Amino acid sequence: MMYWRVTEKELEFAFPAGTSRGVYTTHRVWYVELRDAQGRTGVGECAPLPDLSCDALPPAAYRTRLEQAAAETARTGRVPVESLRDFPSILMGLETAMLHLQRGSWQLGDSAFSRGEEGIRINGLVWMGDFPTMLQRLESKLAAGFSCIKIKIGAIGWQQELDLLRRIRECYGPQQVELRVDANGAFSPEEAPARLRQLAEFSLHSIEQPIRAGQWQAMARLCRHTPVPIALDEELIGINTPARKAELLDTVQPQYIILKPTLHGGFSGAGEWQDLAEARGIRHWATSALESNVGLNAIAHWCGARTHTMPQGLGTGQIYKNNTTPFPLQIRGERLWFSPQAPAPAFPGAPPATAETRAALREFLEEWNSPAPAVAVHTSGSTGTPKQMQAPKKAMLASARMTCTFLGLQAGDSALLCLPLRYIAGKMMVVRALAAGLRLIPAEPGGHPMRGLEEVPDFAALVPLQVYNTLQVPEEEAMLRRIRHVIIGGGAVDAALAARLRDFPNAVWSTYGMTETYSHIALRRLSGPAADDWYTPFPGVELAQDGHGCLIVTAPHLGCAGLVTRDIVEFDARGRFRILGRRDNTINSGGIKIQAEEVEAVLHRHGLRGAHITAVPDAKFGECVVLLTTAAAAEAEALCRACLPPYWQPRRILHVQDLPLTPTGKPDRAAARRLAAQLAATLPL
């Protein structure tokens, strides 16, 4: 079983790219990513051209068909070639992704080109424009060292185009510069013979598609009598079965065909064209179809594996302002080179996950797929020393299914992994993806998980700090609002944060759980009309209290029987519960029990966010309340006097640069007590 995702990108041309069919300024492409159980990833590009590709559907319909094909490929482990014959750009994208996954790098072959030993000779392309612009572009290509020039014709006026060709030949003979022209079907069948005779005086290598596609008999007559060799290009589009391909070649009998995998059947379909042409003595070369570097790289490696003597059309990597970079392709002189030692580019559309994060994912998947019945997880250490424990895979799967069922997550839904894989929360996101067939989107754990995302996930698990940071950036908050289900765990959601989330249109939940319960066993709604302060336990979870008011959890399917927590709770008549605080965080000062979380909640509501309540030993009161704060001590003191009852008043207010936090972003209560004791020992009362 593999996982897949599709991302979309609008490429922006660095200049208006003119053809006889019109001018391109943008190009919408899709990237399809496949990921296997070992964490290996493959990416391919699907880049149909509007009004040209046979599969250029409206964007929503195209994406739907691509997602169907990606899901089938992920499920079967094979690209469905036959069912995709009429969708060549999708076929090319999936073939590229599968090859990338299997090869493990962007080095998609084992040829002299792929090894970086030899460059592929390419033509210099001169796009349509006004006469001075085309002349300037032509001269820059010649100055760069190109000895084969391809010129787009059919848009600026026939006489001007003849003048441009004449000027070239006055300076460069056929032995110095090989000239190709591309008419893109600009001529009518009636005018084409005369224009071909005029072009013949310039000793052209070939002309691509002199008349519109679909006129087989007219094209056949031209090919029989032409003074300029004719290459078929658009004519091949939509001819997707071997029988029809053979019929076209036998009918028209062109001098050349031009192979574009995005337009002509993916690599499998282009290979059929190649074999049929060679059997008939028809020569061929390959070109890109305005793909970004992902598709261009794939075509280049395909060309590199074939024997070719003519320049290929692979010089389009510099036409976009926002191409996928960096990429191990480079044009030097008139050759395209691949550098296998160059750093691998980030996957198109992928969030900024580092190699270290991807390695951690692969390591966990290897551990998960091993015969061992359990995996190692670490507790967060919020109240004591972090420890390692063994989590049974059976219990983790049960927990994952419980969450996915409750939220209604379906196979193919996407899940954002932005939590450290060292801890249970990160591991459980992966297990949920495995259990429900979710598409995992790995991102770098950090304070801004929405930053860099180009796809809105269906499901995300975050810690409160990540949510708080996200709400400070309007663009990131907008994305958070579009995630269908958001669960927040790893720490308390304070009243101010809950208030910010209440009007969210999506489903936002606070979780209750711990490492020992393999993630959460209860949820409470934070958004919408159903938002409240009470947690609802999942089915099969039984709850009780001990003599201190602490919650006791029994969940047989999680291997959990009578687990006594340190959380002090109260129940309502429906069996729901809310948390009053942790027993570890109860301060006994002069016989009065003070819950640190309750004091912090009041301070937070009054604007003092950088605050930890803790205690130090005291000879008179047993313990005295201490406030660690990043705010100025005088400001904090004034606020405490204004909003706290006398018995909650801190006897010491200590300014610190940073509050002690665990690696998962929770308040580190044990470290806070130690820090308070150290600072208090140096300061008089």
Side-chain angles (χ1 to χ4, degrees), residues 112-113 117-129 131-154 156 158-184 186-187 192-210 222-233 253-259 277-278 281-288 300 303-304 306-316 318 330-337:
F113 170 77
E117 300 167 357
E118 183 178 301
I120 297 174
R121 188 178 172 220
I122 61 176
N123 62 246
L125 176 59
V126 176
W127 288 89
M128 288 181 180
F131 184 85
T133 299
M134 292 186 71
L135 183 60
Q136 185 274 327
R137 290 171 179 169
L138 169 66
E139 290 173 344
S140 68
K141 294 296 181 184
L142 293 172
F146 286 94
S147 60
C148 176
I149 301 293
K150 172 180 168 178
I151 300 175
K152 295 273 189 179
I153 63 173
I156 67 170
W158 179 239
Q159 289 305 318
Q160 283 188 305
E161 289 167 350
L162 291 178
D163 287 344
L164 183 65
L165 294 171
R166 188 171 293 110
R167 182 172 298 195
I168 298 171
R169 279 295 177 240
E170 287 173 353
C171 299
Y172 303 96
Q175 301 304 315
Q176 297 170 291
V177 174
E178 178 181 286
L179 284 179
R180 301 173 178 176
V181 295
D182 183 1
N184 288 128
F187 307 152
R195 294 200 167 184
L196 290 174
R197 286 193 294 273
Q198 288 179 283
L199 290 171
E201 68 173 280
F202 305 114
S203 301
L204 301 183
H205 171 272
S206 58
I207 179 171
E208 297 179 27
Q209 204 67 43
L222 284 177
C223 289
R224 282 197 299 272
H225 304 292
T226 183
V228 178
I230 290 175
L232 301 188
D233 179 357
Q253 299 183 35
Q255 284 74 35
Y256 300 104
I257 63 171
I258 300 171
L259 302 177
E278 289 178 351
I282 299 170
R283 301 182 68 190
H284 56 82
W285 70 90
T287 80
S288 63
C303 287
R306 298 157 49 241
T307 300
H308 49 78
T309 56
M310 292 183 290
Q312 308 293 295
L314 303 176
T316 57
Q318 300 166 322
Q330 185 180 27
I331 295 177
R332 301 201 295 268
E334 63 172 353
R335 291 184 179 270
L336 179 70
W337 291 83

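From a predicted model like this one, the values you see are computed outputs, not experimental measurements.
- Considering only heavy atoms from C-beta on, I207 stays 4.5 Å or farther from P229 through its side chain.
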Yes or no on side chain to side chain contact (heavy atoms under 4.5 Å, CB included) for Q312 and R306, after CA distance, side-chain angles and deciding distance?
-> CA-CA 11 Å; Q312 308 293 295; R306 298 157 49 241; 4.1 Å; yes

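- Between the side chain of Q209 and the backbone N or O of L232 there is no donor-acceptor pair closer than 3.5 Å.
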Worked verdict on R332 versus W337 for side chain to side chain contact (heavy atoms under 4.5 Å, CB included) | CA-CA 7 Å; R332 301 201 295 268; W337 291 83; 3.2 Å; yes

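- The side-chain hydrogen bond (donor to acceptor under 3.5 Å, both in side chains) pairs that include a residue from residues 161-175 are D163-R166, where partners are two or more places apart or lie in different chains.
- The pair E139-K141 does not count as a salt bridge, with every side-chain nitrogen at least 4.0 angstrom from each carboxylate oxygen.
- Residues L314 and C303 come closest through the heavy atom pair CD1-SG, 4.1 Å.
- Atom-to-atom distance recorded for H205:NE2 and C148:SG is 7.0 Å, nearest 0.5 angstrom.
- Of the candidates M310, H284, E208, M310 is the only one forming a side chain to side chain contact (heavy atoms under 4.5 Å, CB included) with Y256.
- Heavy-atom minimum distance, P210 versus I230: CD-CG2, 3.8 Å.
- With respect to the salt-bridge test (charged N to carboxylate O, under 4.0 angstrom), the residues E278 and R283 do not qualify.
- Using a 4.5 Å heavy-atom cutoff, the side chains of I149 and I168 are not in contact.
- Residues I120 and G304 come closest through the heavy atom pair CD1-N, 3.9 Å.
- Residue pairs meeting the salt bridge (Lys or Arg N to Asp or Glu O under 4.0 Å) criterion with at least one member in residues 194-204, sequence neighbours excluded, are E191-R195.
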Verdict with supporting geometry, S147 and Q176, side chain to side chain contact (heavy atoms under 4.5 Å, CB included) | CA-CA 6 Å; S147 60; Q176 297 170 291; over 6 Å; no

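- Residue L138 holds its CG atom at 11.5 Å from CG of L125, rounded to the nearest 0.5 Å.
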Carefully, step by step, assess L204 and V181 under the rule side chain to side chain contact (heavy atoms under 4.5 Å, CB included).
-> CA-CA 8 Å; L204 301 183; V181 295; 3.8 Å; yes

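- Looking at L162 and F202, their side chains come closer than 4.5 Å, going by heavy atoms from C-beta outward.
- The shortest side-chain heavy-atom distance between D182 and I153 does not fall under the 4.5 Å cut-off.
- Taking every heavy atom of both residues into account, L196 and P227 meet most closely at O-CG, 3.6 Å.
- Checking Q198 against W158 by side-chain atom types alone, a donor-acceptor pair falls below 3.5 Å.
- Remark: R180 is positioned above the aromatic ring of W285, its terminal NZ or CZ atom under 6.0 angstrom from the ring centre and at most 45 degrees off the axis.
- Counting heavy atoms from C-beta on, the side chains of C223 and Q253 never come closer than 4.5 Å.
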